[in-house]
Amino acid sequence: MAGGRFISFEGIDGSGKSTQARLLAEYLRGEGREVVLTREPGGAPGAEEIRRLLVEGAPERWSPESEILLFTAARRDHLEKTILPALEAGRIVISDRFADSTRVYQGATRGDLRAVVDRLHELMIGIEPDLTFIIDTEPKAALRRGLARESGEDRFEEFGLPFQEKLSAGFTALAEEFPARCKLIDGNRPPEEVAESVRAIARRALA
Ligand code: ADP
Ligand code: TYD
């Protein structure tokens, strides 16, 4: 990875992670760092095409097993076309979601498929971020924020509040599973306060 650093943001839908990914990218650019801000599903032209299949349409459109394959196909394209070239050029890559989303959404919430997710990840992706921020926001507030956007990309939000609550518990468990890499951040605060917590950790990690 020749000098580059890989940071991901995770959390339930509407938790505020895209806002925080953007604020961290702006901050680091202001410090003179070269930053590539990207997202999943998507982040490369082919992966963005796969994104539309996943985030639009009826909730039951895909089984959890089919979702694992589609998200992993999109991730492989994102990795080849965007993430690895940027890391090799020594840039900081900030991705709004990465493999932890598949571990929690498909591995622990949509299905009980964590072993499948892990095997496919090892076979096809094989890397983890250096640092992961999990934005931990109360599910009811996050769902309200997410649906208020009216983005037309609400397939996962439409699984409802119990689904978002299960996801939230899944992300907390993940932070306990990978304590060195995953930092749980309280997202129930104004964006600028959340951003300050994120910056403090990022500064230390990148020093
Ligand atoms: P996510 O990427 O997790 O789905 P976004 O960052 O897109 O979340 O935020 C979802 C909505 O909530 C947006 O309209 C955004 O402006 C708003 N928002 C983001 N962070 C906060 C916050 N800390 N408090 C209140 N609203 C927020
Ligand atoms: P995203 O655009 O980040 O949605 P939001 O802004 O609402 O958080 O991601 C699209 C949806 O895809 C989101 O509901 C989470 C889901 N998802 C998975 O189920 N598995 C995955 O591996 C990824 C990357 C996303």
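All ligand and atom numbering here is 1-based and tracks the order in the structure.
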Got a salt bridge between [X] and [Y], using NZ or NE/NH1/NH2 to carboxylate O under 4.0 Å?
X: E56; Y: R61; answer: no
X: R91; Y: E34; answer: yes
X: R149; Y: D154; answer: no
X: R203; Y: E196; answer: yes
X: R110; Y: E67; answer: yes
X: E26; Y: R22; answer: yes
X: R144; Y: E157; answer: no

Applying a 4.0 Å heavy-atom criterion (strictly less than), which segment of [X] is in contact with ligand 2: side chain, backbone, both, or neither?
X: E157; result: side chain
X: R75; result: side chain
X: Q106; result: side chain

**OP:** Could you tell me which atoms of ligand 1, counted from 1 in the order shown, lie closer than 4.0 angstrom to a heavy atom of P191?
**Re:** 21 (C), 22 (C), 23 (N), 24 (N)
**OP:** Would you mind running through ligand 1 and noting each atom that sits below 4.0 Å from a heavy atom of G14?
**Re:** 1 (P), 3 (O), 4 (O), 8 (O)
How far is [atom] from its nearest protein heavy atom, and which residue and atom is that?
atom: atom 10 (C) of ligand 1; value: R149 NH1, 3.9 Å
atom: atom 2 (O) of ligand 1; value: S18 OG, 2.3 Å
atom: atom 23 (C) of ligand 2; value: F71 CE2, 3.3 Å
atom: atom 11 (C) of ligand 2; value: F156 CD1, 3.7 Å
atom: atom 6 (O) of ligand 1; value: T19 OG1, 2.5 Å
atom: atom 8 (O) of ligand 1; value: G16 N, 3.1 Å
atom: atom 8 (O) of ligand 2; value: R97 NH2, 2.8 Å
atom: atom 1 (P) of ligand 1; value: K17 NZ, 3.4 Å

Original post:
How are the rings of F71 and F156 set to each other: parallel, tilted or perpendicular (split at 30° and 60°)?
Top reply: tilted
Tell me whether [X] reaches ligand 2 (any heavy atom closer than 4.0 angstrom to a ligand atom).
X: K17; answer: yes
X: E67; answer: no
X: R149; answer: yes

**OP:** Mind checking whether I12 contacts ligand 1 via backbone (N, CA, C, O), side chain (CB onward), both or neither, at a 4.0 Å heavy-atom cut-off?
**Re:** backbone
Original post:
Given the rule in the salt bridge (charged side-chain N to carboxylate O under 4.0 Å, His left out) test, do K17 and D136 qualify, once you have shown the distances and angles that lead to the verdict?
Top reply: CA-CA 9 Å; K17 68 193 152 34; D136 184 25; over 6 Å; no
Per-atom contacts of ligand 2 with [X], taking only distances under 4.0 Å to non-hydrogen atoms:
X: V55; result: 10 (C), 11 (C)
X: R51; result: 2 (O)
X: T102; result: 21 (C), 22 (O)

Subject >> S15 to ligand 1, any heavy atom closer than 4.0 Å >> reply: yes
**OP:** Report yes or no: does G146 have a heavy atom closer than 4.0 Å to ligand 1?
**Re:** no
Original post:
Who's closest to atom 23 (N) of ligand 1 heavy-atom-wise, of E10, E157, R189, E193?
Top reply: R189
Original post:
Nearest to atom 12 (O) of ligand 1 by heavy atom, R145, E192, R144, R39: which?
Top reply: R145
Original post:
Got a sec: does the CG of D112 have more than 12 other heavy atoms crowding it under 6.0 Å?
Top reply: no
Do [X] and [Y] have side-chain atoms, one donor and one acceptor, less than 3.5 Å apart?
X: S101; Y: E40; result: no
X: H121; Y: T102; result: no
X: S18; Y: D96; result: yes

**OP:** Please confirm whether R97 makes a cation-pi placement over F9, using NZ or CZ under 6.0 Å from the six-membered ring centre and within 45° of the ring normal.
**Re:** no
**OP:** Give yes if a backbone or side-chain nitrogen or oxygen of D13 is under 3.5 Å from a nitrogen or oxygen of ligand 2, and no if not.
**Re:** yes
Subject >> Any donor-acceptor pair under 3.5 Å from R181 side chain to T132 backbone >> reply: no
